[in-house]
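Take a look at the structure set out below.
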Amino acid sequence: MTLTHTSACLTPLGLFEPAVAPLTELPHALYQLGRPLFLTRNPAGGLELHQQGSARLPASAAAEGLPLLGYAAPLPLAQCGQPRFLARFGLRYPLLGGSMAKGISSTALVIALGQAGMLGFFGAAGLSLPQVEQAIDQIQQALPTQPYGFNLIHSPNEPELEQALVDLYQQRGVRLIEASAFLALTPALVAYRLRGLRRAANGRVEATHRIIAKVSREEVALPFLSPAPARLVQQLLEQGRISAEQAELAATLPMADTLTAEADSGGHTDNRPALALLPTLLALRDRLQQQYRYAEPVSIGLGGGIATPQSVAAAFSLGADYLVTGSVNQACREAGTSALVRQMLAEARQADIAMAPAADMFEMGVTVQVLKRGTLFAQRGAKLYDLYRRHASLEEIPAAERAKLEKTVFQAPLEQVWQQTRAFFAERDPRQVERAERDPRHRMALVFRSYLGQATHWAIAGSAERKVDFQIWCGPAMAAFNSWTEGSPLALPENRTLVDVNLNLLLGGAAWLRARQLGPALGLWLRQQGQALQLAPLSSAQLKEYLA
């Protein structure tokens with residue numbers, strides 16, 4: 001609430017010595033989240049800041065003290081989000097590091113966030129089961145009591161792989177997954193959720209398998225905010241994959257404990273504006289909570305575009321229970337990608353983002369958001385999808401087009417590419433080979449998908465000779481982060497450590513919220529002085545000082 005001098009006054013107990021340079025201590029005061037902040041007008045008409053005082057509301061005509069123009073309450077980071085969400089996952093801060101496929105969200109990333117009181121998800125999509133199991137070993141050893149999670153991406157072309165990953169998670173005690181890119185609920189996902197249900201001695205239903213669903217559409221959010229579909233529950237019961245008790249308990253809680261509204265993000269995205277998406281999902285959550293009366297309401301967070309203190313403050317102001325960072329984490333030293341990619345990300349600007357075909361959903365026409373600057377991947381991927389859409393087979397592609405593909409995109413004859421692709425799928429999923437040999441168009445799709453998939457591997461490995469073909473998942477948040485950090489140590493990729501980046505965002509966002517609490521008087525003063533509030537990134541030592 002903003003207080004004007006006509007309604008309140010402050011008897012100061014301690015000042016910032018503001019007579020020399022009014023408000024020069026503003027950033028420092030805003031970062032001290034545990035202390036209140038008062039904005040007053042002194043007898044000479046200038047503005048002053050106080051962190052101690054006795055405020056009276058309303059003020060009598062005879063009251064002694066300074067006119068109180070604004071007040072910012074203490075705002076610990078834990079209070080920026082939803083306390084119930086923090087307690088549910090054992091977190092100190094309301095922030096998650098979202099999963100990025102092929103191990104870009106690395107074990108180092110997950111461990112660093114977990115040890116700092118945040119939550120990271122390992123990017124299991126696109127990795128083999130032995131690779132994922134190795135990551136489980138490393139993370140469980142490093143985080144015996146701290147929180148962590150693993151990704152489960154929807155695999156419409158490989159349901160057996162999705163099921164095998166779910167089985168691995170259950171066998172190895174992975175109790176939290178981030179479900180991403182799901183278009184509908186699958187038996188594997190529902191089985192994971194229900195196998196973790198049990199009734200405690202006090203009669204309360206416990207869910208030992210938790211799901212954080214990442215969605216960008218209302219129609220996709222609906223099944224995650226609802227109990228498991230009765231049809232799938234019955235099917236799993238008949239197959240002996242869940243118990244009768246678990247089938248009965250399925251109706252008592254939603255499919256997901258937590259839901260992330262995924263706005264304009266890197267990778268799989270619908271480019272939804274956060275200002276429209278988050279309020280829509282919050283309203284849907286409230287309506288379904290009223291309908292089902294869950295014992296624990298679903299928490300809803302926001303990801304996509306979280307890259308500056310202002311975006312953090314805006315997300316919490318919109319009602320987000322927590323935040324999810326992604327693109328900015330890929331630019332950090334702990335990310336499982338190459339130094340060359342991190343340098344390219346550090347140079348990204350707003351116009352450097354494009355949409356390109358997704359390797360895992362190529363035939364469906366699904367796209368992902370990628371970095372355009374410094375690569376031709378988006379253009380070449382779009383060309384491949386156009387050829388797939390217009391032709392029934394590789395042989396049908398005009399000779400000139402085919403020669404150009406072999407020279408620039410694949411750098412090999414298409415028949416040779418097919419033999420390599422065939423060998424890959426013969427080991428991974430032989431049914432794809434069988435289908436391709438019956439269906440020339442599917443064979444063409446697999447060949448084209450091989451380029452899209454390898455483009456990510458080239459980027460992760462930092463293969464400089466294929467730099468022009470790098471596929472780097474990235475949203476416009478990266479450009480905003482680069483703009484904010486310009487001129488600071490965090491502008492350099494080698495200085496971007498995961499914990500410092502994310503704590504800077506959280507602390508800066510909380511400070512920005514406190515600045516807004518001070519009200520119009522502060523904004524008026526800044527405009528009169530021709531100044532803007534600057535909350536530059538802090539050093540590791542400064543972060544420790546303010547968060548101690």
Side-chain angles (χ1 to χ4, degrees), residues 89 91 93 95-129 131-140 142-143 146-155 165 168-169 172 174-181 211-214 258 260 262 265-269 301 303-304 306-307 322-339 341-342 345 358-360 368-371 456-457 459-462 471-475 477-478 481 493 496-502 505:
F89 296 108
L91 304 179
Y93 302 115
L95 187 138
L96 315 184
S99 55
M100 292 174 282
K102 298 184 184 295
I104 295 175
S105 289
S106 63
T107 55
L109 184 151
V110 175
I111 292 168
L113 287 177
Q115 291 176 339
M118 294 173 275
L119 175 59
F121 285 91
F122 180 77
L127 299 180
S128 67
L129 291 179
Q131 288 175 307
V132 177
E133 188 161 21
Q134 183 179 16
I136 293 174
D137 287 336
Q138 294 174 3
I139 292 172
Q140 288 182 338
L143 300 175
Q146 298 98 325
Y148 67 88
F150 276 71
N151 175 244
L152 180 69
I153 195 168
H154 183 36
S155 303
L165 196 54
L168 175 64
Y169 288 158
R172 295 303 310 276
V174 174
R175 303 304 185 196
L176 174 62
I177 63 171
E178 182 184 54
S180 60
I211 294 175
I212 295 181
K214 195 158 56 175
T258 307
T260 298
E262 185 179 22
S265 64
H268 285 284
T269 181
I306 306 299
Y322 62 92
L323 306 180
V324 178
T325 52
S327 295
V328 298
N329 295 339
Q330 187 177 192
C332 293
R333 290 179 355 206
E334 294 88 348
T337 192
S338 63
V341 164
R342 290 195 289 272
L345 288 169
D360 55 345
V368 290
Q369 192 157 220
V370 299
L371 182 68
T456 304
H457 289 289
I460 292 173
Q471 178 177 195
I472 304 171
W473 299 303
C474 177
M478 193 70 251
F481 181 79
R496 294 177 173 179
T497 60
L498 190 72
V499 173
D500 280 1
V501 164
N502 284 280
L505 290 174

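Hydrogens, waters and symmetry mates are skipped; everything else that's a heavy atom, side chains included, is used. The structure displayed is predicted, hence computed values, not measured ones.
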From CG (L143) to OH (Y148), nearest 0.5 Å: 8.0 Å

Residue of the set N502, V501, L113, L96 for which side chain to side chain contact (heavy atoms under 4.5 Å, CB included) holds with T325: N502

Main-chain N/O of N151 paired to Y169 side chain as donor or acceptor, under 3.5 Å: yes

Selection residues 110-126 - residue pairs positive for side-chain hydrogen bond (donor to acceptor under 3.5 Å, both in side chains), sequence neighbours left out: none

Those residues that, when tested against T456, pass side-chain hydrogen bond (donor to acceptor under 3.5 Å, both in side chains) (two or more places apart): Q471

All side-chain hydrogen bond (donor to acceptor under 3.5 Å, both in side chains) counterparts of T107, not counting sequence neighbours: Q138

Under 3.5 Å donor-acceptor, Q330 side chain and I104 backbone: no

For S106, all residues meeting side-chain hydrogen bond (donor to acceptor under 3.5 Å, both in side chains), sequence neighbours excluded: none

Check: Q369 side chain, S265 main-chain N or O, donor-acceptor pair, under 3.5 Å: yes

Any residue meeting side-chain contact (heavy atoms from CB on, under 4.5 Å) with R172, in chain and number order, not counting sequence neighbours: E133, I136, D137, Q140, L168

Contacts of T260 that satisfy side-chain hydrogen bond (donor to acceptor under 3.5 Å, both in side chains) - sequence neighbours left out: Y322

Side chain to side chain, L498 and R333, heavy atoms closer than 4.5 Å: no

Main-chain N/O of K214 paired to S180 side chain as donor or acceptor, under 3.5 Å: no

Spacing of N329 atom CG and L95 atom CG [to the nearest 0.5 Å]: 7.5 Å

